Amino acid sequence: MRCDIGKQNKDNVVEKVVSLAKRKGFVFQSSEIYGGLNGCWDYGPLGVELLKNLKEEWWKAMTYREDVEGLDAAILMHPRVWQASGHVDNFTDPMIDCKQCKSRFRLDTLAEQISDKKKEKILRHFPENLSDELTEEFKGIMNSDESVTDKFTAILENENLSAKLLEVTNCPNCGTQGQFTEPRSFNLMFKTFVGPVESSDNAVYLRPETAQGIFVNFLNVQNSSRQKLPFGVAQIGKAFRNEINTKNFLFRTREFEQMEMQYFVKPSDDEKYYAQWKETRMQWYKDLGMTEDKLRFHDHPADKLAHYAKEATDVEYLFPFGWGEIEGIHNRTDFDLSRHEEFSGKSQKYFDEETKEKFIPFIIETSAGASRSFMAFLVDAYNEEEVNNETRVVLKLHPKLAPIKVAIFPLVNKDGMPEIARDIEKGLRPYMKVFYDSKGAVGRRYRRQDENGTPFCVTVDTQTLSDGTVTVRERDSMEQERIHKDELLNYFIVKLK
RNA sequence: GCGGGCAUAACUCAGUUGGUAGAGUGUCAGCUUCCCAAGCUGAAUGUCGCGGGUUCGAAUCCCGUUGCCCGCUCCA
C-alpha cells in the first residue's frame, strides 16, 4: 500500500515536469499535431536556452583547457566505420518471446539460461528431422571445440537451424516447449541512402554515437593541433538509435544528443586518467547544482563490460523512476584505434618523441547525454513550496543553466517606471538573456519567472525615480536588495560567473 | 515486442442510460495595484488523438491505428 502511494507521487513528478515543460515552452512532443512521433521531442524557446547553456558549460569545462581540442564530425560516416566499431555486428539484439509466459529472451544469451546438461540433451536429440544439408551444417558446428553453450548459441544464431532448435527448447522461465516466437532481429542503427538510388551499395547509417567521428579523426586532430599525449578531443552532437522501446520522457529517445570527450593516453597511464576523469565529470554535475545525494557511480562488473571496455562506470542520477545513467566513463583501451587501423589499412600509431616508441594509444571516454542531463537538471530543479498557504512552483536551476537570467519589471505600468525599466532591459540585453514584463500584479510576475527558473528579477519602483536604485529579487530566497541601476550589469555578470 | 491503463481548450480535469461540450487554472484587452499568483470588467480557444463501423443521431458503443504512462523485456 505504502509502496503504491510512493510510486504515485514519483510518477506525478515526471508528469508535472512534462506538463510544465510543455506549458512554459521547454519541451514539446515531436510532430504533435500529427499525433506525435514515438520517442522524439522538440525543444521550445526556454528548452533550447537551457540545452544550449548546458552544452556551453560542458564545452567550456571540457575544451577550454590546454589538453583538449574540439571537433564537429559529420553525422553520416563511411559505412566501414560501423563495421570497425562493431556496431554492424554487435549492435543487434535478435530476440524471442515465449508465447506462454510472455518472457522475452535475447537469442545470444538464451543458452546461458539453460543448464549444460539440458543443452547437451537437446543437442543429442536434435539431429532428428533434419534435411541432409542442415545436418551437415549442424555437424560442422558440433565438431568444433567450443563449449556446449557456444555451440548452442551458434546454432541459435544460424539462420537455417535456429527455428528448429527453438522448437525443441524449453522456455527457461516457464518450461513450455515450442512456444517461442520467431527470432526478430533489431539493428539499432538507422539506415539511409546516399544519393537518389536506394540500394544496399549506397547504404549509410545515422551515427549511433559521436565517438567514432573522434576516433577516425585522431591523427588529423593530433597533427593539426600539435598535441602530444595525453590529450583529448571533444564533440557535441546528435546521435540516433532505433530503440525498441522509448521511455520516460527524454530519458530513452531515438534521437538524442551526446557530449563526448575521448582522451588519448599512453597505455600505461590508462588507470590514472580513468580515475581522474571519473572525479572531474562527477564534480561537473555537482558544480552545476545537481543534488549530490541523487548522484552516484555505478561501476560495471568485469563480466558485464562491453566488448571494447576494460573498465566502465556510469554517472547515475536518481530520477523519479529510479537511478538512470546520465554519463558513461569507459576505458576503451586501444580497441577502437586498432580496429580502425585494421579496417582502413591506415596506421593509427602515435610516435612518442621521448621514448622513441610507436604505439596505439589507449582511450578514456567520457560520454555524457545532453538530453538526459537536460532532463536530470530539469527534474532536479523542480520544486513545489508552500508560501503564504499557496503552492509556489519554482525551477531552482543553476543561474548558468537558467534560460532567462534576468526579468525586468516596472512595479506599476506608469509614472515613468516602464521607461526606466526599458532602459535597464536595453542595457543588459546584449550581455544576457533578459525578459521584460509589465503585465498584472508584480507578485504574479515573480511567480511566473519562478516557473521558468529565472534567477533574478529587477523591479523599478518609486524610489528608483528619486535615487536610481532598483530592487533585485533572488529566486530561491525571494529576498530583495537594492542596487543602483547603473551597477546592474556588473552585479549580474559577477552573479552569473 | 507482450500485458495493463490513459487520450475532451495551452494545462489539470468534468461530461449522467448514445441527443453535435463544460469548469478551474492559464492566456489576451482594459481598469485597479508601491513588492510575491486567488481585486474588477470583458474576450478568445476545442471536427472530444486519428481512421473506420453500428445508429435517425457517437466524446459516449464496436474495430483498427497513433501517442503517453506503468510492468515485463531491452538498453553492445
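Values in this document were obtained by computation on a predicted structure and should not be read as measured data.
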Taking only the side-chain nitrogens and oxygens of [X], find out if one of them lies under 4.0 Å from OP1 or OP2 of [N].
X        : N      : result
A:Lys439 : B:rA29 : yes
A:Lys247 : B:rG71 : yes
A:Asn38  : B:rC68 : yes

Among [options], the nucleotide that comes nearest once only the side chain of [X] is considered:
X        : options                : result
A:Asn413 : B:rU33, B:rC35, B:rC69 : B:rU33
A:Tyr446 : B:rU12, B:rC35, B:rU33 : B:rC35
A:Val387 : B:rU33, B:rU12, B:rC36 : B:rC36
A:Asn248 : B:rA37, B:rC70, B:rC68 : B:rC70
A:His87  : B:rA37, B:rA76, B:rA10 : B:rA76
A:Ser19  : B:rC11, B:rA38, B:rC68 : B:rC11

Give a yes or no on whether a salt bridge exists between [X] and [Y], defined as a side-chain N under 4.0 angstrom from a carboxylate O.
X        : Y        : result
A:Arg23  : A:Glu451 : yes
A:Glu327 : A:Arg372 : no
A:Asp334 : A:Lys310 : no
A:Glu385 : A:Lys396 : yes
A:Lys238 : A:Glu255 : yes

Just how far, in rounded Å, is [atom2] of [N] from [atom1] of [X]?
X        : N      : atom1 : atom2 : value
A:Arg392 : B:rC35 : CZ    : P     : 18 Å
A:Asp336 : B:rA76 : CG    : P     : 15 Å
A:Phe321 : B:rC68 : CZ    : C1'   : 15 Å
A:Gln29  : B:rC6  : CD    : P     : 19 Å
A:Asp437 : B:rC36 : CG    : C1'   : 14 Å
A:Asn245 : B:rC2  : CG    : P     : 10 Å
A:Asn388 : B:rA37 : CG    : P     : 6 Å
A:Asn242 : B:rA76 : CG    : P     : 15 Å

**OP:** Taking the six-membered ring of A:Phe456 (Phe, Tyr or Trp), confirm whether the NZ or CZ of A:Arg475 is under 6.0 Å from its centre and within 45° of its axis.
**Re:** no

Original post:
Which one of A:Tyr43, A:Trp41, A:Phe249 satisfies the side-chain contact (heavy atoms from CB on, under 4.5 Å) criterion with A:Ser371?
Top reply: A:Tyr43

Between [N] and [M], how far is it from one [atom1] atom to the other, in whole Å?
N      : M      : atom1 : result
B:rA44 : B:rA7  : C1'   : 25 Å
B:rG67 : B:rU25 : C1'   : 25 Å
B:rC50 : B:rC6  : C1'   : 16 Å
B:rA43 : B:rA23 : P     : 13 Å
B:rC2  : B:rA38 : C1'   : 48 Å
B:rG49 : B:rA37 : C1'   : 32 Å
B:rC69 : B:rG15 : C1'   : 23 Å

Original post:
Would you say the side chain of A:Arg473 and the base of B:rC36 hold a donor-acceptor pair, judged only by whether the two atoms sit under 3.5 Å apart?
Top reply: yes

Within the sub-3.5 Å range, which N or O atoms of nucleotides 43-51 of chain B have a protein N or O partner, and how far apart are they?
none

Subject >> A:Ala84: side-chain contact (heavy atoms from CB on, under 4.5 Å) partners, not counting sequence neighbours >> reply: A:Arg339, A:His340, A:Phe343

Original post:
With sequence neighbours excluded, what pairs up with A:Ala421 under the side-chain contact (heavy atoms from CB on, under 4.5 Å) test?
Top reply: A:Ile408, A:Pro410, A:Tyr436, A:Val460

Over all strands shown, is [X] touching base, sugar-phosphate only, or nothing at heavy-atom distances under 4.0 angstrom?
X        : result
A:Glu451 : base
A:Glu209 : base
A:Gly39  : sugar-phosphate
A:Phe249 : sugar-phosphate

Original post:
So, the side chain of A:Gln29 versus the backbone of A:Glu32: is there a donor-acceptor pair under 3.5 Å, distance only?
Top reply: no

Original post:
Are A:Asn452 and A:Thr454 linked by a side-chain donor-acceptor pair shorter than 3.5 Å?
Top reply: no

Subject >> Base-pair map of RNA chain B as dot-bracket, where | denotes pairing with a different strand and pairs are Watson-Crick or G-U under 3.5 Å >> reply: (((((((..((((........)))).(((((.......))))).....(((((.......))))))))))))....

**OP:** Step through it carefully: locate the ring centre of A:Tyr205, locate the ring centre of A:Phe240, and say whether they are under 6.0 Å apart.
**Re:** no

Original post:
Going by heavy atoms in the side chains, are A:Glu419 and A:Arg422 under 4.5 Å from each other?
Top reply: no

Subject >> 5'-most by nearest nucleotide on RNA chain B - A:Glu243 or A:Thr391 >> reply: A:Thr391

Subject >> Along RNA chain B (nearest heavy atom to each residue), the more 5'-positioned of A:Met417 and A:Trp41 >> reply: A:Met417

Could you go over nucleotides 22-26 of chain B and give all protein N or O partners under 3.5 Å, atom names and distances?
unit_1: B:rG26; atom_1: OP1; unit_2: A:Arg444; atom_2: NH1; d: 3.1

Subject >> Residues forming a ring pair (Phe, Tyr, Trp, His ring centres under 6.0 Å) with A:Phe215, sequence neighbours excluded >> reply: none

